[in-house]
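Take a look at the structure set out below.
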Amino acid sequence: MTKVSAEPRRRGHPESNRRVRVRFAPSPTGWLHVGNARTALFNWLYVRHTDGDFILRIEDTDQKRLVPGALGDIKSGLRWLGLGWDEGPDAGGDYGPYAQSERLGIYQEHIEKLLDSGYAYKCYCSSERLERVRQEKQARGESPGYDRQCRNLSAEERAAFEAEGITPVFRLKMPLEGQISFEDVIRGEISFDFDDLEDIVLLKSDGYPTYHFANVVDDHLMEISHIMRGDEWISSVPPHLVMYEAFGWKPPIFAHLPMILDPSGEGKLSKRKGSGQMTEIREFRTAGYLPEALFNFFARLGWAYSGDQDVFSREQAIERFDITDVRPSPSAFAYDKLNWMNGVYIRDLPADVLAGHLTAFLRDKGFDVDPDFTRRVVPLIQQRIQTLGEAIDWIDFFFADEVQPDPAELPGKKMDETQTAEALAAAYDVLAELEPFEQDAINSALRAKAEDLGLKAGQFFQPIRIAVTGKRVAPPLFGTLELVGKETVLERLEAAQKLLLQTTMLEQEE
RNA sequence: GUCCCCAUCGUCUAGCCAGGUCUAGGACAUCACCCUUUCAAGGUGAAGACACGGGUUCGAAUCCCGUUGGGGGCACCA
């Protein structure tokens, strides 16, 4: 055998007469990450487009790296994004079990087949020897793989190792020469020389399979038709194909998705110290991003719905998605654009729906909010926030017992402390009279007063805003005053006047 | 080191596979102006890219080769 290859297909036209069955196969060794979520999304989109089956398979064959809670995080992250699965944990299905740790017997059975047919062999090398070989080969400029020391052991030699009590690993016997190539739906033909490839481990000494082995066996047994995964897996396709060949199985169609880069466009997206970059789905969730915005944003990473439409619905994406339209080049994670997009989704939300989200979000953050308050505050901030989390900065003064305006900021344009204090006193008088205390009435009363005082609207309103909210930037004034309430507004106006008076007195003493 | 993958505005991308309609389109971000009680939102406009070098061709962002740059793999991890 010198040439093995997946059935050649034209780029752009994956053909298969099989039912589309696609899997997302995370390893529960960490929280759901944006890269994995995007992979899951593309798989999901393709399945929904083709009306196939979406399978969630848990690749928990590395006992050492299992993280408690990771599986739960992955499942809830997928559900939050709206990426439900048809088969897998909690969903069942006819091809289970769906966790690889529960399929050990299956792998055992299949390794025996490879052993019998001569495609696998037992290796007794210690990890120390393996490490030494690696370094020696690398020093010689060779590719640093296993040197196949145990590939042709005699029965006697094997017996001797067994007698020593060494538990072997099982390795794949790769062809020693020739080429192997396969067709990647996104990239076209990719080929490797067997010269550069090594005899990978299939079954570890603890009895668990490696990713490579479990992946091939399960994909076949679960009748997976298309494999869509990150492009870091490209180089492991050759041994996989050798296994398909060894078993006499038909390989699935491959599509290797481009990876996601750091926002600078250089380097892998990672949580570098101090970068503050969010990389886990749960972080986006707690920061107040909407799942539909994240869905939309991820869908655009490597795929374009169209040349001039950035925002599109889930249904539109499903309708138009095709793996062949995925670009092979990696894309940077543009946080700026995500923020903008999340803002678009927030603005598009019916006010009462946003209010509902916000109430839940704020309570989750420990705010004791009344749904009625949220309903009334939403019109003031809806077009000002890009995430739910930003709402807090816009409305925290509503919850404060008192605010602390900076006396230096209080005066309006071209006004001194005294004038400002007088203006605030005038505002106090007007508002104290006002009944009902409602925004339209506040608006006209205050505007009339500004005219009386010979002040421009901005000059008059800014001190009031700062006095009541403690901020130079706050939601629109009149609605804010109404919602803060007459009593509190008057208290804060009075406090600000006192503050100004104190400041002027201090200045005179100096 | 070695193998593999990738290459259009700062970023996401359209165009590329089926070369001419591309003086390369859209979006985010940036800047200016308009609107305006602050901030937003909205509107208008500006600036901004085919990595480089060779081919092929009447014609190349589009096809081929090379260079450079970037990324990934090279574990008894996935």
Side-chain angles (χ1 to χ4, degrees), chain A residues 10-13 25-27 29 59-62 64-65 123 125 127 130-131 134 137-146 167-171 184 187-188 190-193 195-198 200-206 208 210-212 214-215 230-238 256 258-259 261 263-268 297 300-311 324 327-341 343 347 381-386 394 412 443 446-447 450 456-462 464-466 469 471-478:
Chain A
R10 247 197 110 28
R11 175 144 82 116
H13 298 91
S27 173
T29 52
E59 311 230 324
D60 55 353
T61 55
D62 185 347
K64 297 181 211 91
R65 291 170 63 227
C123 169
C125 293
S127 46
L130 260 21
E131 181 57 28
R134 246 195 301 280
K137 291 185 76 176
Q138 192 145 20
R140 269 181 275 134
E142 295 171 29
S143 103
Y146 176 56
T167 313
V169 301
F170 292 73
R171 287 184 183 270
D184 182 282
R187 288 151 218 275
I190 299 176
S191 48
F192 294 82
D193 287 335
D195 251 3
D196 303 314
L197 272 17
E198 65 171 319
I200 57 163
V201 171
L202 266 20
L203 203 68
K204 301 180 268 186
S205 55
D206 64 2
Y208 281 74
T210 58
Y211 165 82
H212 301 103
N215 171 70
D231 69 9
E232 69 268 26
W233 294 108
I234 290 179
S235 52
S236 60
V237 174
H256 289 92
M259 62 180 312
L261 268 25
S264 64
E266 295 162 20
K268 198 176 181 178
F297 180 74
R300 287 192 48 77
L301 253 29
W303 177 67
Y305 175 81
S306 75
D308 56 12
Q309 190 181 343
D310 288 306
V311 180
T324 58
R327 306 269 61 128
S329 51
S331 28
F333 194 103
Y335 288 90
D336 278 350
K337 191 149 187 172
L338 200 217
N339 288 338
W340 163 78
M341 189 171 277
R347 272 174 255 130
I381 62 171
Q382 183 159 17
Q383 62 183 196
R384 277 163 253 267
I385 57 174
Q386 291 192 313
W394 284 97
N443 185 349
L446 251 22
R447 278 186 198 281
K456 287 193 170 159
Q459 284 181 301
F460 189 38
F461 297 162
Q462 188 64 358
I464 300 174
R465 167 176 295 112
I466 295 176
T469 67
K471 297 166 188 272
R472 326 165 52 105
V473 175
L477 188 59
F478 313 116

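Convention: sequence-line order gives letters A, B, ...; per-chain numbering from 1. Because the structure is a prediction, the values reported are computed rather than measured.
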Could you work out which one of B:C76, B:G15, B:A27 sits closest to the side chain of A:Leu130? B:C76
Any side-chain N or O of A:Arg65 under 4.0 Å from OP1/OP2 of B:C76? no
Could you tell me how far B:U44 sits from B:G53 if I compare only their P atoms? Round to whole Å. 38 Å
Tell me which donor-acceptor pairs under 3.5 Å the side chains of residues 331-339 of chain A have, and how far apart each pair is, sequence neighbours excluded?
from, atom 1, to, atom 2, distance (Å)
A:Tyr335, OH, A:Met278, O, 2.5
A:Asn339, OD1, A:Tyr289, OH, 2.5
A:Asn339, ND2, A:Tyr335, O, 3.4

Taking the same atom, P, in B:A18 and in B:C76, what whole-Å distance lies between them? 43 Å
For the pair made of OH in A:Tyr305 and P in B:G26, what is the distance, rounded to whole Å? 19 Å
Do any N or O atoms of the protein come closer than 3.5 Å to N or O atoms of nucleotides 3-9 of chain B, and which pairs are they?
from, atom 1, to, atom 2, distance (Å)
B:C5, O2', A:Arg187, NH1, 2.6

Applying ring pair (Phe, Tyr, Trp, His ring centres under 6.0 Å), can you list everything that pairs with A:Tyr208, at least two apart in sequence or on another chain? none
If B:C74 has a Watson-Crick or G-U wobble mate with both distances under 3.5 Å, name it; if not, just say none. B:G1
Looking only at non-hydrogen atoms, find the nearest pair between A:Leu446 and A:Phe460 and report the distance. O-CE2, 3.4 Å
Distance between P atoms of B:G48 and B:A60 (Å, rounded): 24 Å
Expressed as a whole number of angstroms, how long is the span from A:Leu477:CG to B:U36:P? 17 Å
Sequence neighbours excluded, the answer for salt bridge (charged side-chain N to carboxylate O under 4.0 Å, His left out) partners of A:Arg447 is none
Just wondering, are more than 12 heavy atoms of other shown residues or ligands nearer than 6.0 Å to CZ in A:Arg472? no
Which residues pass the side chain to side chain donor-acceptor pair (under 3.5 Å) test with A:Arg384, sequence neighbours left out? none
When you match A:Leu301 and A:Leu203 each to their closest nucleotide on RNA chain B, which lands nearer the 5' end? A:Leu301
Check whether any side-chain nitrogen or oxygen of A:Arg447 sits under 4.0 Å from OP1 or OP2 of B:U37, and answer yes or no. yes
Please determine, for B:A51, whether a Watson-Crick or G-U wobble partner exists with both distances under 3.5 Å, and give it or none. B:U67
Go ahead and name the base partner of B:C31; Watson-Crick or wobble counts if both distances stay under 3.5 Å, otherwise write none. B:G45
Using purine N1 to pyrimidine N3 plus N6-O4 or O6-N4 for Watson-Crick, or N1-O2 and O6-N3 for G-U wobble, both under 3.5 Å, which nucleotide pairs with B:G20? B:C58
Specify the separation, in whole Å, of atom NZ of A:Lys64 and atom C1' of B:A75. 10 Å
Can you tell me if the side-chain N/O atoms of A:Arg384 get under 4.0 Å from OP1 or OP2 in B:U38? no
What are the two closest non-hydrogen atoms of A:Met341 and A:Phe297, and how far apart are they? SD-N, 3.6 Å
If I pick the P atom on B:A40 and the same atom on B:U23, what distance separates them, to the nearest angstrom? 39 Å
Between B:C76, B:U37, B:A27, spot the one nearest the side chain of A:Val201, thanks. B:C76
OP1 or OP2 of B:C39 less than 4.0 angstrom from a side-chain nitrogen or oxygen of A:Arg472, does that happen here? no
Checking contacts here: which listed nucleotide (B:U38, B:C77, B:C39) is nearest the side-chain heavy atoms of A:Pro476? B:U38
B:A27 to B:G45 separation - P atoms, rounded to the nearest Å: 11 Å
Toward the 5' end of RNA chain B, which comes first, A:Phe461 or A:Arg300, by nearest nucleotide? A:Arg300
Contacts of type side chain to side chain donor-acceptor pair (under 3.5 Å), residue A:Asp60, not counting sequence neighbours: A:Ser101
Rounded distance in Å between the C1' positions of B:U57 and B:A78: 48 Å
Taking B:G66 as the reference, what is the distance to B:C3 when you measure between their P atoms (whole Å, please)? 13 Å
Contact under 4.0 Å: A:Lys204 side-chain N or O vs B:C77 OP1/OP2: yes
Between B:C17 and A:Thr324, is there an OP1 or OP2 to side-chain N/O distance shorter than 4.0 Å? no
Does a side-chain N or O from A:Ser331 land closer than 4.0 Å to OP1 or OP2 of B:U13, or not? yes
When rounded to whole Å, the OH to C1' distance for the pair A:Tyr208 and B:A75 reads 18 Å
If you check every side-chain atom of A:Gln383, which of B:A78, B:A41, B:C12 has the closest atom? B:A41
Is the NZ atom of A:Lys456 crowded by more than 12 outside heavy atoms at less than 6.0 Å? no
Atom CD of A:Gln459 and atom P of B:U38 are separated, to the nearest Å, by 12 Å
Whole-Å gap separating C1' (B:A75) and CZ (A:Arg171): 9 Å
Rounding to a whole Å, what distance do you find between A:Arg134:CZ and B:U2:P? 19 Å
Test item: A:Thr210 side-chain N/O and A:Val201 main-chain N/O as donor-acceptor pair under 3.5 Å: yes
Between A:Leu261 (CG) and B:G69 (C1'), how many Å, whole number? 13 Å
Give me the distance, rounded to whole Å, that separates B:C74 from B:C31 when you measure between the C1' atoms they each carry. 48 Å
Give one of base, sugar-phosphate or nothing for A:Pro258, where a contact means two heavy atoms less than 4.0 Å apart. nothing
Counting side-chain heavy atoms from CB outward, which of B:G71, B:A78, B:G15 is closest to A:Met259? B:G71
Once you apply a heavy-atom cut-off of 4.0 Å, does A:Glu198 come out as touching a base, just sugar-phosphate, or nothing? sugar-phosphate
Reckon A:Ala334 touches a base, only the sugar-phosphate, or nothing at all at heavy-atom distances under 4.0 Å? sugar-phosphate
